[in-house]
Number of protein chains: 2
Amino acid sequence: MTKTTEEIIMDAAIKVFTRGGYAAARTSDIAREAGINRALLHYYFRDKQTIFNLIFEGRFKEFFGGLFKVMQSEDSLEEKIRKIINHEIGTLILHPDLPRFIAIEVASRPELLVEYGTKLGLNPRMLIARFEELTRAEIAKGNIRDIDPKQLLINIMSLSIYPFVAQPIIRVMMQMDPVMFQQSMERRKQEVFEFVMNAIKKHA
Amino acid sequence: MTKTTEEIIMDAAIKVFTRGGYAAARTSDIAREAGINRALLHYYFRDKQTIFNLIFEGRFKEFFGGLFKVMQSEDSLEEKIRKIINHEIGTLILHPDLPRFIAIEVASRPELLVEYGTKLGLNPRMLIARFEELTRAEIAKGNIRDIDPKQLLINIMSLSIYPFVAQPIIRVMMQMDPVMFQQSMERRKQEVFEFVMNAIKKHA
DNA sequence: CCCCAGTTTAACAAAATTGTTAAACAAAAT
DNA sequence: ATTTTGTTTAACAATTTTGTTAAACTGGGG
């Protein structure tokens, strides 16, 4: 389980790139973070852009890959909602900077989304199709109140992801240290689930 | 109402800085966006950092200033929730890049939050105190279900703000053009309000 | 012991970006 | 009409960041 230098560099690059995006990342930061020097960095990788591409693809997959799998499962709506929330918050506890990183890079070059999406065989229509269908069925059966399935999905994602994007702000506003924040996010899996289920439940 | 060159430059700088943050902004981008040249930019402003500071303070105020006012109003909880949502989504429809910008800069230099917060006389404790008190009172009265007021506030912010942070991603996933997105956000004011109120309502 | 992949050092070249300057020019103000 | 102010151009200096190179060193494998 001892890491190769290549892996050490990649891990460092992930940290530095995800912290502030491509433009803010210095190759010297990556080297320092990896505990090596810049020359060695170029010994293993052509240049900054090459490292970035490798990382972006990996992070992109991490962020969307699992989501796609969960989204296409054959569960009930309730179970699917639970799995989406658990999956999102769970991976983000391990990789808190991920959503900000993706947001920064996709905002500055939106074509990345389509490019890497197709590269990984992810089809946006497929992603939401089953969820939409399932939600409409539950509405038709009268199990939940009438709500736009797309908005519901946006709501679930918002509740799961936003706290990580805004982590530093929330930490100050709510006066939490990093440990408290992480614990809070652990509890949040259940709380967000309840919040959503309550929100879509019918009231007498 | 004709703009001074200074204002034109500032407007351009807002666009460029909020698009990708300080590190990704080129002074030549700002000049091009303003329709002037780099020399003139330095004629009006000392340097890039000076322009950035002015803009960050302004954007920070825009983002948090109004929120603080709303948060301290004397409304009922329900009315306060409605106002928070309307205020957040309303200003973000006008300035969609704002939350990503704040998130990027605060993440790379968290001390900015405290620095500009105190500079503008905004106290985080004050911000949430009234909201927390009010929520607890409603819980005690049995009007809403038992929920952590901080989590509730995070939920409201998440639902209001996240869609703008993730705008490019949502647009692709949900297959919306920019106009559809904006219309969708207009409707969202009401939908988020209903979603939240349902979520905290008690069930039989 | 010697070789060699991996690594460091240090110097440097190349590129990108920022900031400065002087000169010329345009338009408005006096 | 001429000064002043705002603006452009173009060249360039300074700085920062990236990428390259050569030489030396290190430690383990053959």
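Chain letters run A, B, ... following the sequence lines, proteins first, then strands; residues in each count from 1.
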Inset, instruction - Take nucleotides 23-29 of chain D nucleotide by nucleotide from the 5' end and write B, S or -, depending on whether a protein heavy atom sits under 4.0 Å from the base, only from the sugar-phosphate, or from neither. - result: -------
Inset, instruction - Going 5' to 3' through nucleotides 8-16 of chain D, assign each nucleotide B (protein heavy atom under 4.0 Å from a base atom), S (under 4.0 Å only from sugar-phosphate atoms) or - (no protein heavy atom that close). - result: BB-------
Legend entry - Close side-chain approach of H95(A) and F101(A), heavy atoms under 4.5 Å: no
Check this one for me: any side-chain N or O of [X] less than 4.0 Å away from OP1 or OP2 of [N]?
X      : N       : answer
S28(B) : dT17(C) : no
T27(A) : dG19(D) : no
Y43(A) : dT21(D) : no

Would you mind reading off the distance between [X] atom [atom1] and [N] atom [atom2], rounded to a whole angstrom?
X      : N       : atom1 : atom2 : value
F52(B) : dT18(C) : CZ    : C1'   : 17 Å
K3(A)  : dG6(C)  : NZ    : P     : 19 Å
I8(B)  : dT7(D)  : CD1   : C1'   : 12 Å
H42(B) : dG6(D)  : NE2   : C1'   : 17 Å
I30(B) : dT17(C) : CD1   : C1'   : 12 Å
R32(A) : dT18(D) : CZ    : P     : 11 Å
K48(B) : dT20(C) : NZ    : C1'   : 18 Å
Y22(A) : dA16(C) : OH    : P     : 11 Å

Legend entry - Quiz item: cation-pi between K48(A) and Y22(A), 6.0 Å / 45°: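 Yes, K48(A) sits over the ring of Y22(A).
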Inset, instruction - State the OG-CD distance between S158(B) and Q151(B), to the nearest 0.5 angstrom. - result: 9.0 Å
Inset, instruction - Looking at every strand, decide which applies to A25(B) at a 4.0 Å heavy-atom threshold: base, sugar-phosphate, or nothing. - result: sugar-phosphate
Inset, instruction - Tell me what F45(B) touches on the nucleic acid: a base, only sugar-phosphate, or nothing, going by heavy atoms under 4.0 Å. - result: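 Nothing, no heavy atom under 4.0 Å.
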Inset, instruction - Considering non-hydrogen atoms only, spot the tightest contact between I14(B) and I55(B) and give its length. - result: N-CD1, 3.4 Å
Inset, instruction - Inspect the surroundings of NZ in K69(B) and state if more than 12 heavy atoms from other residues, nucleotides or ligands are less than 6.0 Å away. - result: no
Inset, instruction - Test F52(B) against every option in F45(B), F60(B), F17(B) by the ring-ring contact (aromatic ring centres under 6.0 Å, His included) rule and name the one that passes. - result: F17(B)
Inset, instruction - Could you tell me whether E186(B) and K189(B) make a salt bridge, using a distance below 4.0 angstrom between a side-chain N and a carboxylate O? - result: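 Salt bridge flag = yes for K189(B) with E186(B).
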Inset, instruction - Output yes when K83(A) and D75(A) qualify as a salt bridge under the 4.0 Å nitrogen-oxygen rule, no when they do not. - result: yes
Inset, instruction - Using only heavy-atom distances, determine whether the side chains of N53(B) and T50(B) contain a donor-acceptor pair under 3.5 Å. - result: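 Side-chain D/A pair, N53(B) to T50(B): absent.
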Legend entry - Who pairs with dA29(C) - Watson-Crick or G-U, where each distance is under 3.5 Å: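 Across all strands, the one nucleotide that pairs with dA29(C) is dT2(D).
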